[in-house]
Amino acid sequence: MFTHAIVRPPSASFAKGLTTAGLGQPDLALALRQHATYCAALENCGLELIRLDPDDAFPDSTFVEDTAIVTASGAILTRPGAPSRAGEAASIASVLPRHFTRIRAIEDPGTVDGGDVCQADDHFIIGISGRTNAEGARQLAGHLREFGFTATSVDIRGVPGILHLKSGLSYLGEGRMVVIDALAGHPALREFETVRIARDGEYAANLLRINDHLIIAAGFPAFNAAMRAHGLPVEALDMSEFRKMDGALTCLSLRFQRIPVSSGDAARRFG
Ligand code: GLY
């Protein structure tokens, strides 16, 4: 059960962020409106939002998910793999102690982007990518084991068209994984019932299951119908301006369950 999410709107420097999409310059005013709609959708799922200020110094900082992994037992600060994003972890480091009692960090030479980390109940799948290196995955798996989870890694460096692991799969819950064809047969996914994504609709592989709601990207009507058939309410959001910057739904928030305890607040995050 999620109760909270950390979000940060795009800043005035948003268009200077990293991208390989080739979809043109983002429109900041439209991106801000899309972000506001995204925040309203999270609130509609019952989440209380922790809203960070936009940060001009880091054009990609709206993609807050890449800066931390937050679990039921503690949080792990990442070391984002792109040099221009390395400084983003510092401001999240100042936020996490308000919500987590155990905090670990990925150390040099490890790098991890949170977009490469998929939680499926008590198990984590870690993508080794252009951003998350093998050392970062090794450190992260160690911290997760200390926190009581299992972890496995998937090398996605040869998979065309995906920046992060979660560009190509998402956990739907109840043992089901939405997955693109290129990842569908991977041994790390054999425990899951896979829901395949059509080749021309791979952007939709990144989705959010929040409590008893699904949030998916707009523009994929067949996938939308397939998701509705699972029986949960589905909201489709226009992500056009974030897609231009290689961003998707999960990238825009860190979702967690905050549980008040006597010595402060502890937190849980699933996703
Ligand atoms: N623009 C998002 C990223 O490359 O990390």
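All ligand and atom numbering here is 1-based and tracks the order in the structure.
- Residues V7 and L252 are not in side-chain contact: their nearest non-hydrogen atoms beyond the backbone lie 4.5 Å or more apart.
- When side chains are defined from C-beta on, D55 does not count as touching E88, because their heavy atoms never get closer than 4.5 Å.
- Of all protein heavy atoms, the one closest to atom 4 (O) of ligand 1 is R131 NH2, 2.7 Å.
- Between the side chains of T71 and Q119, no donor-acceptor pair of N or O atoms lies under 3.5 Å.
- Within ligand 1, the atoms closer than 4.0 Å to a non-hydrogen atom of F63 are 1 (N), 2 (C), numbered from 1 in the order shown.
- D246 has no carboxylate O lying under 4.0 Å from a charged side-chain N of R243, or vice versa, which leaves the two without a salt bridge.
- For the pair D60 and ligand 1, a heavy-atom separation below 4.0 Å is found.
- Residue contacts with ligand 1: M245 is placed with a nitrogen or oxygen under 3.5 Å of a nitrogen or oxygen of the ligand (distance criterion only).
- Between the side chain of R209 and the backbone N or O of N211, at least one donor-acceptor pair lies under 3.5 Å.
- When only interatomic distances are considered, the shortest N/O to N/O separation between T19 and ligand 1 does not fall below 3.5 Å.
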